[in-house]
Novice: 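Would you mind keeping the following structure in view while I ask a few things?
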Amino acid sequence: MFFFFTVRPHLTGCISPSMETFHCRWSVGSFQNLSEPRDLRLFYFNRLPLTTSETNWSECPLYSTERPDECFFNENHTTIWTSYNVQLRSRDQSVLYDEISFSVPDIDRL
């Protein structure tokens, strides 16, 4: 008997080599029909001090041109000691596949 388990698209992690920048990656899981660039879109919210509203979600500042599953946050989009929420959404944003929260010092280093 053969069982096929559906694996939804999901975030595979975020890495910061120097705490000045970071990148996040994702997997399409078993949804191979989502393999075109921008079939999955990454959104983030950086909870800066003195702000509490979660209405300021922004799309990935720089999608990788070399990998269809990576978003890069340069120095202008990286803030140490604040909390980030990152979401993986469908192209039309109607489906939220995955969400993680972290601060840059807490994510893995290369």
Novice: Can you name the closest pair of heavy atoms from Asp92 and Ser90 and give their distance?
Specialist: OD1-OG, 2.8 Å

Novice: Between NE2 of His23 and CD1 of Ile107, what distance do you get to the nearest 0.5 Å?
Specialist: 8.5 Å

Novice: To the nearest 0.5 Å, what is the distance between CG on Asn76 and CG on Leu62?
Specialist: 11.5 Å

Novice: Between Glu70 and Thr12, is any pair of side-chain heavy atoms under 4.5 Å apart?
Specialist: no

Novice: Rounded to the nearest 0.5 Å, what separation is found between the SG atom of Cys71 and the NE2 atom of His77?
Specialist: 9.0 Å

Novice: On the six-membered ring of Trp26, is Arg41 placed so that its NZ or CZ lies under 6.0 angstrom from the centre and within 45° of the ring axis?
Specialist: no

Novice: What's the shortest heavy-atom distance between Thr82 and Asn46, and which atoms?
Specialist: OG1-OD1, 2.7 Å

Novice: I'd like to know if the side chain of Ser83 reaches the main chain of Ser103, judged simply by a donor and an acceptor atom lying under 3.5 Å from each other, with no hydrogens or angles considered.
Specialist: no

Novice: Quick one: pull up CZ in Phe43 and CD in Glu59 and give me the separation to the nearest 0.5 Å.
Specialist: 4.0 Å

Novice: Could you check if a side-chain atom of Glu99 sits within less than 4.5 angstrom of a side-chain atom of Val86, using non-hydrogen atoms only?
Specialist: no

Novice: Looking at every heavy atom in both Thr78 and Tyr84, which two are closest together, and how far apart are they?
Specialist: CA-OH, 3.2 Å

Novice: Is the shortest side-chain N to carboxylate O distance from Asp69 to Arg25 below 4.0 Å?
Specialist: no

Novice: Where is the tightest heavy-atom contact between Leu88 and Leu40, given as atom of each residue plus distance?
Specialist: CD1-CB, 3.9 Å

Novice: Do Asn74 and Thr21 have side-chain N/O donor and acceptor atoms under 3.5 Å apart?
Specialist: no

Novice: If you take all heavy atoms of Met19 and Val104, which pair is closest and at what distance?
Specialist: CA-CG1, 3.9 Å

Novice: Which heavy-atom pair separates Gln93 from Arg89 by the least distance, and what is that distance?
Specialist: OE1-NH1, 2.9 Å

Novice: Hey, what do you get for CD1 (Ile80) to CD (Glu20), rounding to the nearest 0.5 Å?
Specialist: 8.0 Å

Novice: Let me confirm one number: the CG-OH distance from Leu42 to Tyr97, rounded to the nearest 0.5 Å.
Specialist: 14.0 Å

Novice: With ring-ring contact (aromatic ring centres under 6.0 Å, His included) as the criterion, how do Phe22 and Tyr44 come out once you've worked through the C-alpha distance, each side chain's angles and the decisive distance to 0.1 Å?
Specialist: CA-CA 13 Å; Phe22 68 95; Tyr44 73 99; 7.9 Å; no

Novice: Show the numbers, then the answer: is there a ring-ring contact (aromatic ring centres under 6.0 Å, His included) between Phe72 and Tyr63?
Specialist: CA-CA 6 Å; Phe72 179 71; Tyr63 286 105; over 10 Å; no

Novice: Does Leu11 belong to the same Ile/Leu/Val/Met/Phe/Trp/Tyr cluster as Val95, with side-chain heavy atoms less than 4.5 Å apart forming each link?
Specialist: yes

Novice: Before giving the answer on side-chain hydrogen bond (donor to acceptor under 3.5 Å, both in side chains), spell out for Ser101 and Asn85 the whole-Å C-alpha distance, their side-chain angles and the decisive distance to 0.1 Å.
Specialist: CA-CA 4 Å; Ser101 299; Asn85 285 27; 3.1 Å; yes

